[in-house]
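This report concerns only the one structure given below.
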Amino acid sequence: MLHIIIHFPRCTGHTRKKQLLTSIGSRASLKLDMEEKAVQVILYESEFRSDTVQEDRDFFFIEVTSSRPLDGEKKQQLVEILKDEVFNFSGICNDCVTIVIRTPEEGSYFGTRNA
């Protein structure tokens with residue numbers, strides 16, 4: 001199971017957001033040899049970007065939680081997909097995208113591991 005949470009500035013375009021969710025889920029499941037239902041993508045929009053040091057609040061923060069460890073090559077492939085999809089969606093440069101990939105320690109993940 002792979003959970004991808006994308007934090008980004010509020011924008012319009014429900015159809016584009018749905019396409020982003022679908023495209024990331026499809027590409028990630030294909031590249032990581034997972035069933036498509038095993039990749040869940042969530043968008044969190046923020047109308048206000050506060051408490052940040054930088055002036056530019058137009059950035060994306062992506063959290064990935066994997067129920068199973070991903071090797072370095074799979075992580076890099078996932079990062080490339082995410083950055084590519086964010087660029088296609090928003091036009092934002094890769095320097096404005098931060099991605100964190102986590103795998104909880106054994107006994108700390110409660111959910112579907114077999115998907």
Side-chain angles (χ1 to χ4, degrees):
M1 185 63 82
L2 198 66
H3 303 279
I4 301 170
I5 302 172
I6 304 170
H7 302 268
F8 67 108
R10 184 170 302 275
C11 65
T12 59
H14 182 74
T15 302
R16 285 184 40 231
K17 291 179 225 176
K18 178 101 170 115
Q19 181 182 6
L20 176 66
L21 293 169
T22 303
S23 185
I24 288 174
S26 296
R27 289 182 66 191
S29 64
L30 182 67
K31 191 60 94 171
L32 301 176
D33 297 320
M34 302 175 88
E35 293 182 37
E36 201 163 327
K37 68 180 183 178
V39 178
Q40 298 178 338
V41 185
I42 303 165
L43 296 179
Y44 282 130
E45 292 182 88
S46 174
E47 185 173 350
F48 304 102
R49 292 288 177 112
S50 60
D51 299 330
T52 59
V53 176
Q54 63 188 28
E55 288 290 321
D56 182 13
R57 288 168 174 53
D58 192 20
F59 63 90
F60 281 64
F61 179 70
I62 303 174
E63 300 174 86
V64 179
T65 302
S66 178
S67 64
R68 295 193 175 118
L70 299 174
D71 65 32
E73 181 180 343
K74 296 254 187 226
K75 285 180 183 177
Q76 190 56 44
Q77 291 171 341
L78 182 57
V79 165
E80 289 172 16
I81 289 169
L82 294 171
K83 286 188 174 187
D84 181 55
E85 289 293 337
V86 164
F87 178 78
N88 290 338
F89 176 77
S90 68
I92 200 166
C93 68
N94 286 343
D95 291 343
C96 295
V97 179
T98 300
I99 301 170
V100 177
I101 301 174
R102 298 182 183 106
T103 304
E105 62 184 56
E106 194 66 38
S108 295
Y109 184 93
F110 302 93
T112 305
R113 289 185 87 87
N114 299 328

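Under the side-chain hydrogen bond (donor to acceptor under 3.5 Å, both in side chains) criterion, Ser26 pairs with Glu36, sequence neighbours left out. Residues passing the salt bridge (charged side-chain N to carboxylate O under 4.0 Å, His left out) test with Lys18: none are found, sequence neighbours excluded. Applying the side-chain contact (heavy atoms from CB on, under 4.5 Å) rule to Asp33 yields the partners Lys74; only residues at least two apart in sequence or on another chain are considered. Residues satisfying the side-chain contact (heavy atoms from CB on, under 4.5 Å) test with Ile5, not counting sequence neighbours, are His7, Ile42, Tyr44, Glu63. Take Lys31 and apply the salt bridge (charged side-chain N to carboxylate O under 4.0 Å, His left out) test, not counting sequence neighbours, and it matches no residue. By the side-chain hydrogen bond (donor to acceptor under 3.5 Å, both in side chains) test, Gln40 is found to be paired with His3, residues two or more places apart in sequence or in another chain being considered.
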Trace of the side chain to side chain contact (heavy atoms under 4.5 Å, CB included) decision for Phe61 with Val100: CA-CA 8 Å; Phe61 179 70; Val100 177; 3.8 Å; yes
Audit row: Ile6, Ile24, side chain to side chain contact (heavy atoms under 4.5 Å, CB included) steps and yes/no: CA-CA 11 Å; Ile6 304 170; Ile24 288 174; 3.5 Å; yes
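The CG atom of Asp71 sits 11.0 Å away from atom CD of Gln76, with the distance rounded to the nearest 0.5 Å. For the atom pair Thr103 OG1 and Leu70 CG, the distance stands at 5.5 Å (nearest 0.5 Å). Within the model, atoms CG of Leu20 and OG1 of Thr15 stand 12.5 Å from one another, a figure rounded to the nearest 0.5 Å.
No side-chain heavy atom of Pro9 sits less than 4.5 Å from a side-chain heavy atom of Phe59.
The stretch residues 16-38 participates, sequence neighbours left out, in no ring-ring contact (aromatic ring centres under 6.0 Å, His included) pair at all.
The two residues Met1 and Ala38 come nearest to each other via the heavy atoms SD-O, 3.2 Å. The shortest heavy-atom contact between Val41 and Gly25 is CG2-N, 4.0 Å. Contact record, Leu2 with Ser66: CD1-CB, 3.6 Å, taken as the closest heavy-atom pair.
The environment of Glu45 atom CD is dense: over 12 non-hydrogen atoms of other residues, nucleotides or ligands sit within 6.0 angstrom.
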Show me the donor-acceptor pairs within less than 3.5 Å that the side chains of residues 78-96 make with the rest of the protein, sequence neighbours left out.
residue, atom, partner, partner atom, Å
Asp84, OD2, Arg27, NH1, 2.6
Asp84, OD2, Arg27, NH2, 3.4
Glu85, OE1, Ser23, OG, 3.1
Glu85, OE2, Ser23, OG, 2.6
Glu85, OE2, Arg27, NH1, 2.8
Asn88, ND2, Asp84, O, 3.3
Ser90, OG, Val86, O, 2.8
Ser90, OG, Ile92, N, 3.1

